[in-house]
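Read the structure below first, then the notes.
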Amino acid sequence: ETGVTQTPRHLVMGMTNKKSLKCEQHLGHNAMYWYKQSAKKPLELMFVYSLEERVENNSVPSRFSPECPNSSHLFLHLHTLQPEDSALYLCASSQEIRREQFFGPGTRLTVL
Amino acid sequence: EDQVTQSPEALRLQEGESSSLNCSYTVSGLRGLFWYRQDPGKGPEFLFTLYSAGEEKEKERLKATLTKKESFLHITAPKPEDSATYLCAVDGGGSQGNLIFGKGTKLSVKP
């Protein structure tokens with residue numbers, strides 16, 4: 001595997017389910033990010049981790065819970081989501097904060 | 001408040017017809033401007049980083065330029081495979097790692 005990978009690529013869940021999105025970067029980077037991309041809207045930054053420590057939380061609802069166990073892996077735990085949370089969730093990594101970010105393919109999430 | 005505005009929202013070109021995409025920004029202190037290309041159903045692909053006014057970067061048919069208020073992505077003699085959404089993002093020196101993205105320009109190149 002190379003670059004940034006994300007699993008699953010597609011996810012359909014009910015509002016009462018609990019699921020997790022996984023991201024792995026194979027670039028040796030020190031920073032990782034979660035973004036939300038909705039139709040007709042700019043990418044929205046959700047969380048930033050640098051050296052496994054969270055450095056940014058952009059007023060994201062608590063039903064989204066990130067976890068960064070090491071510098072190569074990032075998770076986004078989901079619970080009791082709303083239909084408006086349906087979107088493409090993108091993971092990215094960079095050598096360090098403020099450097100160019102490299103994105104994974106995204107997880108297309110649908111909440112029923 | 002930091003803002004990034006991209007224009008036009010959509011652009012249709014004939015193969016070989018050169019044009020430019022615009023990214024206007026308002027930030028307190030520019031730390032970097034980034035261009036990305038995004039194909040449908042995929043994550044954004046990094047193209048260029050520009051740091052200071054007057055800087056230019058080139059890659060194949062693409063050339064990015066930067067002034068104190070805006071950046072242009074010039075596309076010379078485009079091909080159908082250049083069709084994609086082009087995103088501009090700015091690091092305005094605010095919160096760590098917080099890039100401000102524009103909504104993008106959707107480019108279609110017809111043969």
Side-chain angles (χ1 to χ4, degrees), chain A residues 2-7 9-10 21 23-25 27 29-51 53-60 66 68 74 87-109, chain B residues 1-10 21 23-52 55 57 59 64 66 71 84-106:
Chain A
T2 59
V4 180
T5 58
Q6 290 186 243
T7 55
R9 294 294 311 278
H10 300 273
L21 309 185
C23 174
E24 183 173 0
Q25 59 97 359
L27 300 168
H29 288 168
N30 293 318
M32 295 189 78
Y33 312 77
W34 278 117
Y35 285 88
K36 176 183 180 182
Q37 188 174 36
S38 305
K40 305 294 184 183
K41 287 187 175 181
L43 267 74
E44 300 173 56
L45 179 67
M46 300 175 73
F47 302 104
V48 182
Y49 278 82
S50 177
L51 296 172
E53 285 193 23
R54 191 191 308 180
V55 297
E56 184 73 22
N57 175 350
N58 263 4
S59 303
V60 179
C68 187
L74 186 64
L88 181 67
Y89 288 84
L90 291 161
C91 173
S93 70
S94 63
Q95 182 61 50
E96 56 192 28
I97 297 290
R98 299 199 186 283
R99 294 287 299 277
E100 51 272 5
Q101 297 175 19
F102 294 84
F103 286 81
T107 294
R108 173 65 62 185
L109 173 66
Chain B
E1 183 182 335
D2 294 350
Q3 276 193 321
V4 176
T5 304
Q6 291 189 246
S7 61
E9 286 189 20
L21 313 182
C23 172
S24 298
Y25 61 89
T26 305
V27 296
S28 53
L30 183 69
R31 299 284 294 270
L33 184 143
F34 306 85
W35 280 100
Y36 289 86
R37 168 196 170 124
Q38 186 172 23
D39 293 297
K42 296 188 176 182
E45 175 190 345
F46 170 73
L47 294 174
F48 304 109
T49 307
L50 301 167
Y51 290 106
S52 56
E55 190 174 0
K57 294 271 180 75
K59 179 181 179 182
L66 181 65
S71 177
T85 296
Y86 290 85
L87 302 174
C88 170
V90 167
D91 179 351
S95 302
Q96 295 191 71
N98 197 355
L99 294 186
I100 310 299
F101 277 83
K103 293 183 178 181
T105 293
K106 185 175 181 180

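Only this structure's heavy atoms are used, side chains among them; waters, hydrogens and symmetry mates stay out. Residue numbers begin at 1 in each chain, while the letters A, B, ... track the order of the sequences.
Note that the CD atom of A:E100 and the CZ atom of B:F46 stand 4.0 Å from one another [nearest 0.5 Å].
Between B:G43 and A:L90, the shortest heavy-atom contact is CA-CD2, 3.7 Å. In this structure, B:D91 and A:R98 approach most closely via the heavy-atom pair OD1-NH1, 2.6 Å. Shortest non-hydrogen contact noted between B:K42 and A:L88 is O-CD2, 4.4 Å. When every heavy atom of B:G102 is checked against every heavy atom of A:P42, the shortest pair comes out as O-CB, 3.8 Å.
For the set A:Q37, A:R108, A:K40, the count of heavy-atom pairs under 4.5 angstrom toward chain B peaks at A:Q37. The candidate with the highest count of non-hydrogen atom pairs below 4.5 Å against chain B, out of A:Q6, A:R99, A:K41, is A:R99.
Of the atoms belonging to B:Q6, not a single heavy atom falls under 4.5 Å from chain A. Only the side chain of B:L87 comes within contact range of chain A, with at least one heavy atom under 4.5 Å from a heavy atom of that chain. There is no contact between B:F48 and chain A, counting heavy-atom distances below 4.5 Å. Contacts between A:E44 and chain B at a heavy-atom distance below 4.5 Å are absent for every atom of the residue. Heavy-atom distances place both the backbone and the side chain of A:L43 under 4.5 Å from chain B.
Although no hydrogens or angles enter the test, the distance criterion places no donor-acceptor pair under 3.5 Å between the side chain of A:Y33 and the main chain of B:N98.
In the displayed structure, A:Q95 atom CD is contacted under 6.0 Å by more than 12 heavy atoms of other residues, nucleotides or ligands.
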